[in-house]
Visitor: 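Next up is a structure, given as structure tokens.
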2 protein chains.
Amino acid sequence: MVKKYYSITELTREFGVSTRTLRFYEDEGLIQPERRGRTRLFRPADRALIQEILRGRRIGFTIAEIREIIQVYKEPPGEIGQLKLLMKRVDEKRDELRQKRKDIEDTLAELDNVEEACLTRLAEIGVGT
Amino acid sequence: MVKKYYSITELTREFGVSTRTLRFYEDEGLIQPERRGRTRLFRPADRALIQEILRGRRIGFTIAEIREIIQVYKEPPGEIGQLKLLMKRVDEKRDELRQKRKDIEDTLAELDNVEEACLTRLAEIGVGT
DNA sequence: AGATCGATTTACGTAAAAGTCAATTTTTGC
DNA sequence: GCAAAAATTGACTTTTACGTAAATCGATCT
């Protein structure tokens, strides 16, 4: 059986974030762990959601953007105008991400150059001394 | 012949940034445009550098990180310890970027799902009304 | 010269995403 | 059932990357 509950510190250790961060995400409405008294009890679903949030964070999504995506899963908007607007936004986000992916590939290539420059320099110095 | 100089507003229009941003980059030592009196004159090399800076920015590099990469091109550090440290950092950055690229691919796939959810919902509503 | 219009400088302000600190409260280990 | 450890809350602070406002400068047109 999968674990029923995770404590907050358990998750902070697993994901390398602080308790403050997880509480902040709760305040922002991204997660809603259960409570026993005041203590938060994180279910596997909460844990999975945190993973997604952190992934979004790594690629530069704002909290608001992440919240919006989560919302769509919970319940897609009921109004046609809203839906179309959302789809346009999703499309724009995809373009942005494709651009970002290209930026990353270009930068990876550039870092290869930086490394080479370093190796060259190292050889120069190594030889000279 | 390539243009000799660009004005600051010319570049802000081309890249969609404010003059404040370009001056900020100069204050931070990322670019050093020429001067005629107090007015900045941007050469093609400055323009190219700005492109790189903005690319770095898009993928989430901090100003400090961008400055560091630029530095290496201008003159790789002369001390072995420094060089090795830098190479380690470059290696870490590359890992980070590869992770980010994976995050982006996962998120692109997820956005496909979001779009599908929207289409489904649209069909439901469209039929119902 | 005067007017105008962009560019500069200086200083202060701001927003997002947490970090930090201090004062409780809860839970637990025994 | 009580002390120690863990968790919570609220307020305040920090950092990054600019935005904004006000005053000044400088070039150019007429």
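Owing to the predicted nature of the structure, the values given are computational and were not obtained by experimental measurement. Within every chain, numbering begins at 1; the chains are lettered A, B, ... in the order of the sequence lines, protein sequences first and strands thereafter.
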Visitor: Dump the pairs, protein N or O against N or O of nucleotides 12-15 of chain D, anything under 3.5 Å, distances to one decimal.
Guide:
none

Visitor: Between atom CZ in B/Arg35 and atom P in D/dC25, what is the gap in whole Å?
Guide: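 In whole Å, D/dC25 P lies 15 Å from B/Arg35 CZ.
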
Visitor: Could you work out which one of D/dG19, C/dG6, D/dT9 sits closest to the side chain of B/Thr21?
Guide: D/dG19

Visitor: Whole-Å distance between C/dG19 C1' and A/Phe24 CZ?
Guide: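 Going from CZ in A/Phe24 over to C1' in C/dG19 covers 12 Å.
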
Visitor: Check whether B/Lys100 reaches the backbone of B/Ile59 with its side chain - one donor and one acceptor, N or O, closer than 3.5 Å.
Guide: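 Confirmed, B/Lys100 side chain pairs with B/Ile59 backbone.
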
Visitor: Any ion pair linking B/Asp95 and B/Arg98 (charged N to carboxylate O, less than 4.0 Å)?
Guide: yes

Visitor: Under 4.0 Å between a Lys/Arg side-chain N and an Asp/Glu carboxylate O for B/Arg55 and B/Glu52?
Guide: yes

Visitor: Could you identify which residues of residues 59-74 of chain B place a heavy atom less than 4.0 Å from some atom of DNA chain C, listed by residue number, or say none?
Guide: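 Close to the strand, none.
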
Visitor: Do NZ/NE/NH1/NH2 and the carboxylate oxygens of B/Lys102 and B/Glu105 come within less than 4.0 Å?
Guide: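 Answer for the salt bridge query: no.
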
Visitor: Report yes if a side-chain nitrogen or oxygen of B/Thr19 is closer than 4.0 Å to either non-bridging phosphate oxygen (OP1 or OP2) of C/dT8; otherwise report no.
Guide: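 Negative; the distance criterion is not met.
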
Visitor: Take atom CZ of A/Arg36 as the centre, draw a 6.0 Å sphere, and report whether it contains more than 12 heavy atoms from other residues, nucleotides or ligands.
Guide: no

Visitor: A/Glu28 CD to C/dA15 P: how many Å, rounded?
Guide: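 These atoms are roughly 14 Å apart.
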
Visitor: I want to check something: taking the side chain as every heavy atom from C-beta on, are B/Phe24 and B/Leu30 in contact at a cut-off of under 4.5 Å?
Guide: no

Visitor: Please write out each protein N/O paired with an N/O of nucleotides 22-29 of chain C under 3.5 Å, distance rounded to 0.1 Å.
Guide:
residue	atom	partner	partner atom	Å
C/dT27	OP1	A/Arg36	O	3.4

Visitor: Please report, rounded to the nearest Å, how far the C1' atom of C/dG19 is from the CG atom of A/Leu22.
Guide: 14 Å

Visitor: With a 3.5 Å distance limit and no angle check, can you tell me whether B/Lys93 reaches the backbone of A/Leu111 through a side-chain donor-acceptor pair?
Guide: no

Visitor: Thinking salt bridges, do A/Arg43 and A/Asp46 make one under a 4.0 Å N-O criterion?
Guide: yes

Visitor: For D/dC18, does OP1 or OP2 lie under 4.0 Å from any side-chain N or O of B/Arg23?
Guide: no

Visitor: So, A/Glu92 and A/Arg89, do they make that salt bridge, N to O below 4.0 Å?
Guide: no

Visitor: Grab the CD1-C1' distance between B/Ile31 and D/dC18 for me, whole Å please.
Guide: 14 Å

Visitor: Check the distance between D/dG19's P and B/Asp27's CG and give it to me in whole angstrom.
Guide: 13 Å

Visitor: D/dA6 phosphate, OP1 or OP2: any side-chain N/O from A/Thr9 under 4.0 angstrom?
Guide: no

Visitor: What integer distance in Å separates B/Leu30:CG from D/dT16:P?
Guide: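 Between P of D/dT16 and CG of B/Leu30: 14 Å.
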
Visitor: What I want to find out is whether A/Arg23 reaches A/Glu26 closely enough, with some N-O distance under 4.0 Å, to be called a salt bridge.
Guide: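 No salt bridge links A/Arg23 with A/Glu26.
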
Visitor: Given atom OH of B/Tyr25 and atom C1' of D/dT16, what is their separation to the nearest angstrom?
Guide: 11 Å

Visitor: Do A/Leu86 and B/Cys118 touch side chain to side chain, with heavy atoms closer than 4.5 Å?
Guide: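 Counting from C-beta outward, A/Leu86 and B/Cys118 do come under 4.5 Å.
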
Visitor: Can a donor-acceptor pair be found, under 3.5 Å and without considering hydrogens, that links the side chain of B/Arg67 to the backbone of B/Glu28?
Guide: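 Indeed, once roles are kept as given, a pair shorter than 3.5 Å links the two residues.
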
